[in-house]
Amino acid sequence: MGNPLRTAQDRRLPRIPEPCALVIFGVTGDLSRKKLIPAVYDLANRGLLPPGFVVVGFARADWGDGDFETLAYNAAKKGARTPWREDVWQRLSSQFQFVPGSFDNDEDFDKLSETLDTLRERNGITGNTAFYFSIPPAAFPLVLNQLNRTGLADNAKLGGWRRVVVEKPFGNDLATAVALNQLVDDVFNPADVYRIDHYLGKETVQNILALRFANSLFEPVWNSKYVDSVQITMAEDVGIGTRAAFYDASGAARDVLQNHLLQLLALVGMEEPTSFDPQEVRAEKLKVLKAISLPADITKGSVRGQYLPGWVAGERAPGYLEEKNIPADSKTETYVAVRLGIQNRRWAGVPFYVRVGKRMPRRVTEIAILFKKAPHLPFDPADVEMLGHNQLVIRVQPDEGVVLKFGSKVPGTAMEVRDIAMDFQYGEAFTESSPEAYERLVLDVLIGDRTLFPDAAEVEQSWRVIDPLEAAWAGTTPDPYRSGEWGPRASDEMLESEGRAWRRA
């Protein structure tokens, strides 16, 4: 019997899933070791996992449960956000199982099915299972077909719920995204498909909605009457690491712009939903994605770049063409800047400048709302030389927080006005540290909360924005920029031609 004093609307008490299993395909890979296993430990440490919760790892390795437990132990201890507690780990790891196998081997999936049957009887998980695809996109069809063949994706057959978590990239263009959506929806119920974008799990991204809709201070000026422009920046100080094969086939636009940055744009531009019901939130985001307009001349309204050798944080950095396994004649972009619009009443005429790049001076992701300057300034021009646009800056990472920038008088006898900043940081304002994105998202999957997960329509609409850009860029050579710079000179010129400049992130 449930708690008679608790209502469904009471979000103060922690939400704990029903007894269930989490099956991780590709459990020995980087994503699983660096993010998923630490997230599961942190959830257990916070008391947010149910009794009988089990983790089943599946990967191409001839390991036993003991070897898997060692890998999981090292991964959890290295990546845990919360304090390490050996007793918590012992309880959690006693419910770990490893099933070695290949995605194209029927017998291996039959063994997985048998393992889940045993766990269902032993742990009372009544068939509740989440399947996490921590695998290359090319392997998705193989695994989906195996889950369909064995009946592991069939709610009616096994009871309880079955959910599938799919990592980006979800397709390589609109056609492949549509095909993959159809395949996934044929195997699983569409409501049980969770397309994960880890940026949406970050506290600061969720705070966009709180800032806008919980405060009368911001929403009245969140429109074209007061906003001059919006800048969304995702800068990384690292190169491509070990992702050469994937990255060279994708590039910055497909890797990040199509998902992370268009989702941020949708959250900034969306109308107020009637509630935070997942369907309501996704419906408002989809309206924004459908209203996005591309530059009339894509060659003038966008810039592609590729980093050259240079210096980042005092260390020598190789150029993109010098990276391991990158072809010497590669024309893949590592930097993209594009001017987008939103064709609706709220945002008509407001440019959204979106940029993403690697080997930048520092790592930062932020959303800057730049407001129009006051229409009349009764000051002497010399007194306001240091005064810029009022700005509201939402820092997604690192140093998560919000900065409000506005003009104030400089102490003294003259009426001199310059910009000052009020800075709110999560780490200082709250005693509890923010959960890691995967921590929140894994819990939401197990609970069945789809609010932070884009649906098929959002994914496909995002590709409708990216595909014309890719078509216009086909056969062109990216503009070079040195590692440690904020992108190609052409990116600055694009804004200068419109009387604006990139905010110093």
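Atom CZ of Arg212 sits in a crowded spot, with more than 12 heavy atoms from other residues, nucleotides or ligands closer than 6.0 Å. Annotation: Phe246, atom CZ; neighbour count of heavy atoms from other residues, nucleotides and ligands within 6.0 Å is above 12. Around NZ of Lys290, the count of heavy atoms belonging to other residues, nucleotides or ligands within 6.0 Å does not exceed 12.
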message: Applying side chain to side chain donor-acceptor pair (under 3.5 Å) to Asp449 and Thr451, what does each step give before you reach the verdict?
response: CA-CA 6 Å; Asp449 186 339; Thr451 306; 2.6 Å; yes
task: Could you check Phe218 against Ile369 for side-chain contact (heavy atoms from CB on, under 4.5 Å), going step by step and ending with a plain yes or no?
output: CA-CA 11 Å; Phe218 300 117; Ile369 315 296; over 6 Å; no
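Between Glu167 and Ser134, every side-chain heavy-atom pair lies at or beyond the 4.5 Å cut-off. Between Glu439 and Arg81 the shortest side-chain heavy-atom distance falls below 4.5 Å. Counting heavy atoms from C-beta outward, Val193 and Phe453 have side chains that stay 4.5 Å or more apart.
The ring-ring contact (aromatic ring centres under 6.0 Å, His included) test applied to Phe140 returns Phe133, not counting sequence neighbours. Here Trp222 pairs with nothing under the side-chain hydrogen bond (donor to acceptor under 3.5 Å, both in side chains) rule; sequence neighbours left out. In terms of the ring-ring contact (aromatic ring centres under 6.0 Å, His included) criterion, residue partners of Trp84 (sequence neighbours excluded) are, by chain and number, Tyr41, Tyr73, Trp89. Looking at residues two or more places apart in sequence or on another chain, you find a ring-ring contact (aromatic ring centres under 6.0 Å, His included) between Phe352 and Trp347. Considering only residues two or more places apart in sequence or on other chains, Ala245 meets the side-chain contact (heavy atoms from CB on, under 4.5 Å) condition with none of them.
Gly357 and Tyr335 get closest at one heavy-atom pair: CA-CD1, 3.9 Å. When all heavy atoms of Val350 and Val227 are compared, the closest pair comes out as CG2-O, 3.6 Å. Between Asn128 and Trp161 the shortest heavy-atom distance is OD1-N, 2.9 Å. In terms of heavy-atom proximity, Met360 sits nearest to Glu485 at SD-O, 3.5 Å. Shortest non-hydrogen contact noted between Leu200 and Lys285 is CD1-NZ, 3.9 Å. Of all heavy-atom pairs between Ala235 and Arg362, the closest is CB-O, 3.6 Å.
Note on ring orientation: taking the six-membered ring where Trp is involved, the planes of Tyr307 and Tyr481 are perpendicular (angle over 60°, cut-offs 30° and 60°).
In this model, a donor atom of one side chain and an acceptor atom of the other lie less than 3.5 Å apart for Thr274 and Glu280.
Checked for salt-bridge contact, Arg195 and Glu458 miss the test: no charged N lies under 4.0 Å from a carboxylate O. Salt bridge annotation for Lys358-Glu323: absent, with no cationic side-chain nitrogen under 4.0 angstrom from a carboxylate oxygen. A salt bridge does not link Glu315 with Arg359: none of the charged nitrogens is closer than 4.0 Å to a carboxylate oxygen.
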Would you list the atom pairs, donor with acceptor, under 3.5 Å between side chains in residues 252-259 and any protein atom, with sequence neighbours excluded?
| residue | atom | partner | partner atom | Å |
| --- | --- | --- | --- | --- |
| Arg254 | NE | Asn172 | O | 2.9 |
| Asp255 | OD1 | Lys168 | NZ | 3.0 |
| Asp255 | OD1 | Arg243 | NH2 | 2.9 |
| Asp255 | OD2 | Arg243 | NH1 | 3.4 |
| Asn259 | ND2 | Asp255 | O | 3.3 |

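Expressed to the nearest 0.5 Å, how far CD1 of Ile394 lies from CD1 of Ile208 amounts to 4.5 Å.
Side-chain atoms of Asn145 come within 3.5 Å of backbone N or O of Pro141 as a donor-acceptor pair. Between the side chain of Arg355 and the backbone N or O of Trp502, no donor-acceptor pair lies under 3.5 Å.
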